[in-house]
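Input: a single structure, listed below in structure tokens.
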Amino acid sequence: MKEVAIVGAGIHKFGRFPDESPIQIALEAVRMALQDANIPWKAIEMAYCARCYLPASTGARIGAALGKTGISIIDVESACASGAVAIRQGVLAIQSGACDVCVVVGVEKMPRGFMEPTTLGFEPWQVYMGLTTNPSYWAMNARRHMHEYGITEMHIAKVAYKNHRNSVHNPYAMYQKAFTMEEILNSPVVCSPTRLLEICAPNEGAAALVLCASEKAHKYTSKPITIAACVHSLPLYASDFRGPIYQLSAKVSNPNPGVVSAKKAYEQAGISPKDVSVAEVQDTDAFNELIHYEELGFCGPGESGRLIDEGATEIGGRIPVNASGGLISKGEPIGASHVGQMVDLVWQLRGQNGPRQVANARVGLGLVTGAMGHSAITIIKR
Amino acid sequence: MKEVAIVGAGIHKFGRFPDESPIQIALEAVRMALQDANIPWKAIEMAYCARCYLPASTGARIGAALGKTGISIIDVESACASGAVAIRQGVLAIQSGACDVCVVVGVEKMPRGFMEPTTLGFEPWQVYMGLTTNPSYWAMNARRHMHEYGITEMHIAKVAYKNHRNSVHNPYAMYQKAFTMEEILNSPVVCSPTRLLEICAPNEGAAALVLCASEKAHKYTSKPITIAACVHSLPLYASDFRGPIYQLSAKVSNPNPGVVSAKKAYEQAGISPKDVSVAEVQDTDAFNELIHYEELGFCGPGESGRLIDEGATEIGGRIPVNASGGLISKGEPIGASHVGQMVDLVWQLRGQNGPRQVANARVGLGLVTGAMGHSAITIIKR
Amino acid sequence: MPGNEKAQKKQVPIKEGFFTMPLSPLENVRLNGSKCRKCGEVFLGKAIGCENCGSADMEELPLSKRGKLYTYTVIEHRPPGDYKGPDPFVPFGEGFVELPEGLRIVAPLTESKNLKIGMDLELVVHKLFEDANGNEVIAYKFKPV
Amino acid sequence: MPGNEKAQKKQVPIKEGFFTMPLSPLENVRLNGSKCRKCGEVFLGKAIGCENCGSADMEELPLSKRGKLYTYTVIEHRPPGDYKGPDPFVPFGEGFVELPEGLRIVAPLTESKNLKIGMDLELVVHKLFEDANGNEVIAYKFKPV
Ligand SMILES: [Zn+2]
Ligand SMILES: [Zn+2]
């Protein structure tokens, strides 16, 4: 199968930008990625746009402002994993031979507060009954896991502490502010056991990549980053807590989608968890990061509390996770969040991340998971 | 490049179904396609869902009701061409080697009346000023073309007359009713020169295809239909009238996206216009069908009036167009419309279309075009 | 007479198929489910396809009124969208309630304090709001017993 | 005094960048455009990128008040969404107006009858509605001359 490389990466800061349209936000990321690859827009053969809340054909409107070259630009969506499936479609397009060079852009401009429930697919009765608070499903997952394995609220707070501290060095993060453990543990409870400083805000932002068939990547960069795997799974029956669901089976127990995606991704990349140098995972609430340690095999089931206690996932640790500050500090513009993870990992593998650089990073892994249990992982290597 | 075949086709009637959810509507089409291919859902490796107005992750929810097998199912959107880009992603996925068998489903459940403008990407100022009536852009395009080439309102009415008459034999059409020329010409003007009986209604419906690598198609059918081409273009600068636009260049004149798509599609399929046995084109207003005759090379520029006068596009004519009754009679559930075109063309190529069968149909062509100028063509052959 | 006024109101389920009928008296109403004839999995309400095995062959199965709390959280802020609960907002428990038929359903809980995984719960069927046509819209929640 | 009341109202453009400033008196206001410094194409309002050549290097260009009708239709039914025109609805012409700067812009027309491709038109800048803050929202249309 044809190998695909990332030859350009760009990002628009995540945050709140009332004076910028979503198209302007996306343009900044795409122009930065094109410049990074030293490739003109007119040489791009296809493009994919990941968005969930923005209107139809956002990709076409971004393309128009870059010059109407007539290429195929389509929008793709898979809730919080939208950015990942856009990358995946770009990879498949190159592998199919349909093009050699394409752009993937993720962009979102989301309303403040809890995510609007009907766009996410909650039905009216769920809205009326108040069963649509997105983080409440994560919280119920956390509560059950804590009950089974003894993870504590202190472990959850430590994840938030680490990520907020890492964010201080990331100029593209919405919040660049360290908090003390006391501040985190004293922040208001949103949905027990989850606190305000342990949760991420939906916001605005964009990120973009230029993908290229590896055999031609030398035309654009001396440091191509190879996409070793890009996989997307939906949950097996009754294996996921994420909304909008209204029931789970009490009899059927399948591995959850993060585990399934991890297995597929490691196989496709031909690596094992210990080969990962640096990871960006979906810490939309801090507890999820712990779950992802287990799903990704960074530790065994129920051992994620120990892993954070040991400091293994700190920037100087054995397997640094969310060196960027994570979504807790960056916020989650859902079309852009995974593409943004990959932009930061590309910079890690190129060694250009300054104070948040992980020494000698060779393999980067990005993971997202979201509504309906969409789960996706991209692994890159240099 | 690996060849891809259609091994199953299914449809849910287009119309208004207040008692069925979009998921139920889609399920009927997918189950019919799976049964047609004699393949169980659990053997499907990937799926794509085309939708524009439905909420996020509609594809994942359809997949859940078919059995949560964990496969990747993503939503794709390109306005009225959404169904075509879903087929195209399915083709690329198979050609890339990511899977051998996938399902493509298009579904929509649209509000009545003119399409909701902000979902389509119209800006608030366009809404306030009343510049958001979707058919008005088609009408302005028609008015200019008529001015330049002498097409008349009678030519437009003849297209509507033909398509309504063809619809009588299509049980999946919303309206199955023939109208006289008088009835058509006396129907109320919607946006001059376009009349009510010359225009299609947004509605509800679904259609699905099972795609398979041609080398494995024999496992499922003795009559595989080959996808000879599936292309998607956005307009070159200033070459399209479709909304939401607010200006055109008066200096730059590029070929319009239908022409560009036709050239790409014929090249990819290795055929010329005269090889097409039967075509389904986007007659969201009857004038558009005339334009598509010209774009597709069924006649020269400005000669489409003559073509309809000659009866060349009747079911018994040289190049039958919209033997299904077209979108004028079927309605346009935009995620489903192109997939529905291809379902009817598959049946044409298999010779199973009864009274609307085109004799000895060997090559079928489906064309859609829509908001933002999205343009797509799929060519199939037996 | 209050009885008369009550008799005039029509009760409608918050979601078609969620409850055994009739909807009055409320004390007699149970949650209704679908059981897959092929694999035996049970779903809340009227399932259009079995998420476990894909079969569309379902039979109706009224669900038990008693269950156990599998997990929970407390909703501390007004949920997004057109929430029909008390205004001003009152925090409430949300949980997965495990029923003996082999399914766990999401439900609001009557309490927000002293919740405990494994505790026994009982179904409460109640009027949540009146819709635009003056119908009483019937919903469910669970209370500790 | 009517003059005083008028003075209190603030005029705001229906879209930032569409008009030359100030917005009063309305007779002096012209449509404003962007001209690509690289390829010379002209766009209505403030363009964020050249759709022809991709350049982001734009200069402001006030547009002529006179143009010609390139094509048209008549809107016979109330447009969808929050249309701010007369209520009850009055049919109106919609056209592409070709300006000497080399662009054609979509515009409402003051007339719905006797429209003809190639006819001369003139810009009308007018108050379309008052927004929630009491501002006069300024829009444009074209009238035959
Ligand atoms: Zn079953
Ligand atoms: Zn230019």
Side-chain angles (χ1 to χ4, degrees), chain A residues 1-2 21 46 51-61 63-64 67-79 81-82 85 88-89 91-98 118-123 231-240 244 254 257 260 334 370-374 376, chain B residues 1-2 21 46 51-61 63-64 67-79 81-82 85 88-89 91-98 118-123 231-240 244 254 257 260 334 370-374 376:
Chain A
M1 198 173 279
K2 200 183 273 193
S21 74
M46 281 176 70
R51 56 93 192 155
C52 187
Y53 282 80
L54 292 173
S57 301
T58 292
R61 285 178 294 127
K68 287 188 156 183
T69 59
I71 61 169
S72 170
I73 308 177
I74 74 167
D75 286 11
V76 300
E77 180 275 321
S78 59
S82 296
V85 303
R88 185 155 188 267
Q89 298 315 304
V91 168
L92 297 184
I94 291 172
Q95 289 178 335
S96 75
T118 53
T119 301
L120 287 179
F122 281 102
E123 295 182 37
V231 305
H232 169 234
S233 312
L234 280 164
L236 294 164
Y237 176 54
S239 68
D240 197 86
N254 276 314
V260 173
I334 65 182
M372 297 299 301
H374 283 287
Chain B
M1 200 173 279
K2 200 183 274 194
S21 74
M46 282 175 70
R51 57 89 193 159
C52 186
Y53 281 81
L54 292 172
S57 300
T58 292
R61 285 178 296 127
K68 287 188 157 182
T69 59
I71 62 168
S72 169
I73 309 178
I74 74 166
D75 287 11
V76 300
E77 179 275 320
S78 60
S82 295
V85 302
R88 185 155 188 264
Q89 299 316 304
V91 169
L92 297 184
I94 291 172
Q95 289 179 335
S96 76
T118 53
T119 303
L120 287 179
F122 281 102
E123 295 183 36
V231 305
H232 169 234
S233 313
L234 281 164
L236 294 165
Y237 175 54
S239 68
D240 197 84
N254 277 312
V260 173
I334 66 181
M372 298 299 302
H374 283 287

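Numbered from 1 within each chain, the chains take letters A, B, ... in sequence-line order.
- Taking A:Ser233, A:Ser78, A:Ser57 one by one and counting their heavy-atom pairs under 4.5 Å with chain B, the maximum is reached by A:Ser57.
- The one candidate from B:Glu77, B:His232, B:His374 that meets the side-chain contact (heavy atoms from CB on, under 4.5 Å) condition with A:Ile74 is B:His232.
- When each of B:Pro235, B:Gly59, B:Gly67, B:Ala79 is checked for heavy-atom pairs under 4.5 Å with chain A, B:Pro235 comes out on top.
- Both the backbone and the side chain of B:Ile73 have a heavy atom closer than 4.5 Å to some heavy atom of chain A.
- Atoms CG and OG1, from B:Leu234 and A:Thr69 in turn, are 8.5 Å apart once rounded to the nearest 0.5 Å.
- Residue A:Met1 comes nearest to B:Ala98 through the heavy atom pair CE-N, 4.1 Å, listed as atom of the first residue, atom of the second, then distance.
- Two residues are said to be in side-chain contact when any heavy atoms from C-beta on lie closer than 4.5 Å; B:Arg88 and A:Ser72 meet this criterion.
- Both the backbone and the side chain of B:Val76 come within less than 4.5 Å of a heavy atom in chain A.
- The candidate from B:Gly70, B:Ala238, B:Pro55 with the greatest count of non-hydrogen atom pairs under 4.5 Å with chain A is B:Gly70.
- Looking at B:Glu123 and A:Arg61, no side-chain N of the basic residue comes within less than 4.0 Å of a carboxylate O on the acidic one, giving no salt bridge.
- Expressed to the nearest 0.5 Å, how far CE of A:Met372 lies from NZ of B:Lys68 amounts to 6.0 Å.
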